[in-house]
Structure formats: C-alpha cells, structure tokens
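What follows is a short report on a single structure.
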Amino acid sequence: MSAMAKTVVEKAEQFLDSHNPADGSVVGSARVSSRDEVFKAVADAREAHDLWRRISFSERRRIVMRARQAIIQETEEIARLISKEMGKPVAEAISMEIAPVLDLMQYFAKNSKKLLKPKRRGIGLLALFGRSSTIVNKPLGVIGIISPWNFPFSIPLGEVVMAIMAGNSVVLKPSELTPLTGLKIAEIFETAQLPKNVLHVVSGGGDVGAALVDARPDKVMFTGSVATGRKIAAKAGENLTPVVLELGSKDPMVVFKDADLDKASSAAVWGAFSNAGQACASVERLFVEEDVYERFLELLVEKTDALKLGVGTDPENDLGAMSSARQKEIVEGHVAAFRESGAEILTGGESDDSNFYPPTVISGADNSMVPMREETFGPTLPVASFETEDEAVDLANDTEFGLTASVWTKDIKRGRRVAEKIVAGTVMVNEVVYTHGIGQTPWGGFKNSGFGRTHGVEGLMEMVATQHIHVNRFYFLPDIWWFGYSESALESFKEMTRTYSTGSLLRTIPFMPRMLKRLRELMK
Ligand code: NAD
C-alpha cells in the first residue's frame, strides 16, 4: 500500500444519556449512531425491502399483530419508560399513546391490503375503445422517520406500522430526549420476528437526523418543529427526496355562549395542560364569547387549581415535569411576555428551578401579543373574548399555523359551519386535541403546520408510489392521433374537440363516421 493509504482511525463510541426531567437521574443510555452507520442502515434497509415487499399482506399482518401483543404484555413497563424519559404521567402514556397506537396497529394490520389493492379507474369513453386503467400502489422502498419527544412512542410507531404494512422498510431516528423509547420500538418488532433490517433504529441528535436525510431514503416522514422542518425540506430537496412535514401549531379553541360550559371548560383545561401542554394539537389560544367570558374564566381557574403537579410515575398526578429545561425556559419567556403586554395571570405562572411548571391560565390575551403568535408548547392557557361568529373565525385563523382547531356549541349546524371556515387540517366540534388517536382519519396541517398526511388512507398513501397501468386491447388498430397528418386529419381532430372531448356518448356518436374515415386513411 502506498504512503497515501487510508489510515483507519478507531473513533471512540459515543453514548447519549437519557435523563428523567423530573429529577435529572439517568434513565439509561443509547449508543450514538455514526454517519457511516446511518448510511449503512439505509443500505441494509434497502436490501431488506427487496424481500419484504414480496411478503404477503397476511404475513405482514401477523407480524404487526404479534408486535401489538408484545406491547399489551408490556404496557405498564413501556408507559413507565415513556414517563421517565419525557416526564408525562404514566396514565397519559397509556391513554394518549399506547391505547390509540394499539388501535392504529390493528386497523392497518387488518385493512392495508384492502386500502392498497389495485383499483380500476374510470376513463370515460376511452373504455369503449378497448382501453382500461388500473391504479397500482407500490411501496416506496426505505422510509426515513424522524420523530419528536412529545409522543415518543405513538408517533414513530404509528408511522412504522403504516410504512411496513405498505411493504417498505424503515430507518427511524427518535428524538435525542427519548432514545430508549425509540429503541423499545425496535425491540418490540424483534420480538414479533420482523425480518432483519426491515426496521432500523438509529440514535442521536440533529446531526444523526441530518445524516438520515443525506442517506437518501425514498421518503422522509418528519414530525417536529417548523425550524427543523425547513432544514429537512431544504436538504431533502437537494436529492428530490419527498417529505411529509408534521410541524408545530398554535391551535385555537372557540367557545360560543350556548356551549355546555362545564364540559367546554374541562375540555379546555385538558386540551391545554395534558402532556404538560406539549402536544402539537394543544389548545394554545382560547376564544370565548363575551357574554360567558367571565363565568368561563372562573370555571377554568377552579378546574386548573384542582390539578396535581408532580412526578409522572405517581398515578395521582395530572401534570408531570416538562420534558427539558429548554422547553420550560420557552414557557417562562412566554408567560413573562404576556405579563409585559398587559395580560393577567389568573393562576400559575410561578415556578422554582425544577423542570415542573404549573398550569397557567391567562386572561386578556390578544393575537397581537408575541406568545399568541409563536408556539409555546407548555402548560399555558391564554384566553381572549369575542363578540360575533365572524370575529371568532377571524381570530382563530389569524395565525401562521393550522394543525387543529376546536369549536364548542350545542348548535351542531353552526359548529360545522364554523369548522369549515377555520383553516386547519382537523377541526373538532365539541372535542379537543384527541384525533391523532384516531388512526383511521388523516392527520396533518395547513399553512406552516406542514404538509402531507399521516394516518388514515391518506397517510397510508404517503407510503406508496401510485402506478398507472394502462392497457389497450384494440392493439390491432392505430390511434387516430398518430402520424399521417393531413387536412382531413386536422378536420377529424377539430371535430373531436366538439364531440368526444365533451365526455358525452350522445355527442360523440356523430363523430363515428369521421373517426372510421381517419382509421381507413391510417390503415391504407
Ligand atoms: P425538533 O424539530 O427539535 O426535533 C424533532 C426531530 O428532528 C428530533 O429527532 C431531532 O433530533 C431531529 N432533528 C433536529 N435537527 C435536525 C436536522 N437538522 N436534520 C434532521 N433531523 C433533525 O422538535 P421537537 O422539539 O423534538 O418536537 C417538538 C415540535 O414538534 C413542536 O413544534 C411540535 O408542535 C411538533 N410536533 C408536531 C406534531 C404534528 O403532528 N404536527 C406532532 C408532535 C410534535
């Protein structure tokens, strides 16, 4: 070997400690994946895909259902791991993550075959000329999934299930705050005997996520902040890798005076403070009709004051620690900004130097205040009043985001009407937050909340490439638009625009003699 020979430097392995935000203790650690390992994971997954895409739907279904069973057997343990890694109550890890994702798993295990089966597409009058079109859905190959810490189990797992049921292999990069929950997903599928390399979990921070995008998977499913989403879309664009972006939001809740105020106030409190407000669909702006505004504030304060803040592993606590000191700092900054802009902190708003932050209700907010425009992602509930339906819609839409929204009224007709006027991927009437838990329905945002969908048939379709197979059974005839142009051909084409192009058989019948004439000319 020449003096220029490559010297191989053994790099020391790096480990990522996962800390419990409630007390700072180390929950465990994960080995950080090197850039080379990420590239190898994608290459191995691509090789595995070649086999996996040929595996029958029934075998894929068996594996997903076995994984589901493994989760059921370990529910408590998984929920405790989630709670320790990111702070949420064990109860929420079960009710908001494990239970919904188990339902999603059974749904896609049982229905993906039907949802993805080849379908005939009507092609109008062309069918009379021996043509047919079939739409076939083909797996894309390797799906790169980059996920956040706030629902560290259900978000990536749901996407893994949809990807593999559609015949793809997956490389998953979970958040650096919750690496162990990510690795748990790999372990579950190992228990379920998913063939080797169909699912890889790589661990590390943003650089590992960036390496995954650079490694050119066939699609990137990203869930996280707008800032990271922009970076990923730009990078993916260099290789023309398609991306789905599930980003942040500033979701509004609108309460009309005829709403069931007791239920609506409980919903607002849960919608703003569950997961310590760290849900992309959290209620981040509450608009209440003027006539019931004061009464509603009283209900909010009363219900908020009854909440218990403490370690997530204690079943009596409603709110756990925030996921990180950084996240808590954002909340503190937003509460300070509300104070400075003249809003009033009705309860909460003070904390010690732990990662716990009390649920905080703020009145007198308005959309001009900075924390009414930027995502807070914490346990704050700013409230403003409105006078008319139109004003409520304008206030709800006055944001760069559009993930979900919630409208409360006993008048369902009005609820639907207002829902349709709000620009958001999901609008709930007399409900808040929870539709990510309905695997059957599409999930995704408008505006800066992202594009593309997860969940539902729309989410499943993100995992496939649509192929159009077109067959001509009248192969023994030339097409009338082929070469052999002439004055007479031109006349035929002109007549075609007036007849055939209308899509009406009746109006096309007079075109038949000219068409036959054209055919005879071509076959001469
Ligand atoms: P984040 O953007 O900081 O990180 C998300 C993931 O991206 C992590 O795994 C991170 O390591 C990775 N990452 C960071 N930089 C990267 C880069 N340059 N290239 C590739 N990957 C990179 O977000 P977060 O703090 O983990 O999550 C909170 C955000 O996620 C909030 O804004 C929230 O609204 C949003 N979110 C959206 C949805 C939704 O469905 N729309 C769901 C949950 C969370």
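Whatever order the structure lists ligands and atoms in, that order sets their numbers, starting from 1. Every heavy atom of this structure was used, including side-chain atoms; hydrogens, water molecules and symmetry mates were not.
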Legend entry - Rounded distance (nearest 0.5 Å) linking atom CE of Met162 with atom CG of Leu157: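 The CE atom of Met162 sits 9.5 Å away from the CG atom of Leu157.
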With rounding to the nearest 0.5 angstrom, report the OG1 to CH2 distance, Thr178 to Trp149.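 These two atoms lie 9.5 Å from each other.
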How would you list, by chain and number, the residues with a heavy atom under 4.0 angstrom from ligand 1?
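Under the 4.0 Å cut-off, ligand 1 touches Ile146, Ser147, Pro148, Trp149, Asn150, Ile155, Lys173, Pro174, Ser175, Glu176, Gly205, Gly206, Gly209, Ala210, Phe222, Thr223, Gly224, Ser225, Thr228, Lys231, Ile232, Glu246, Leu247, Gly248, Cys280, Glu375, Phe377, Leu403, Trp443.
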Exercise. State plainly whether the residues Lys184 and Glu77 are in salt-bridge range, i.e. N to O under 4.0 Å.
Key: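 Yes, this pair counts.
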| message | Could you check whether Glu37 pairs with Arg31 (Lys NZ or Arg NE/NH1/NH2 to Asp/Glu carboxylate O, under 4.0 Å)? | response |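 Yes, Glu37 and Arg31 are salt-bridged.
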Parallel, tilted or perpendicular: ring planes of His436 versus His455, cut at 30 and 60 degrees: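 Tilted.
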Any donor-acceptor pair under 3.5 Å from Gln327 side chain to Phe377 backbone
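Yes, Gln327 side chain to Phe377 backbone: donor-acceptor pair under 3.5 Å.
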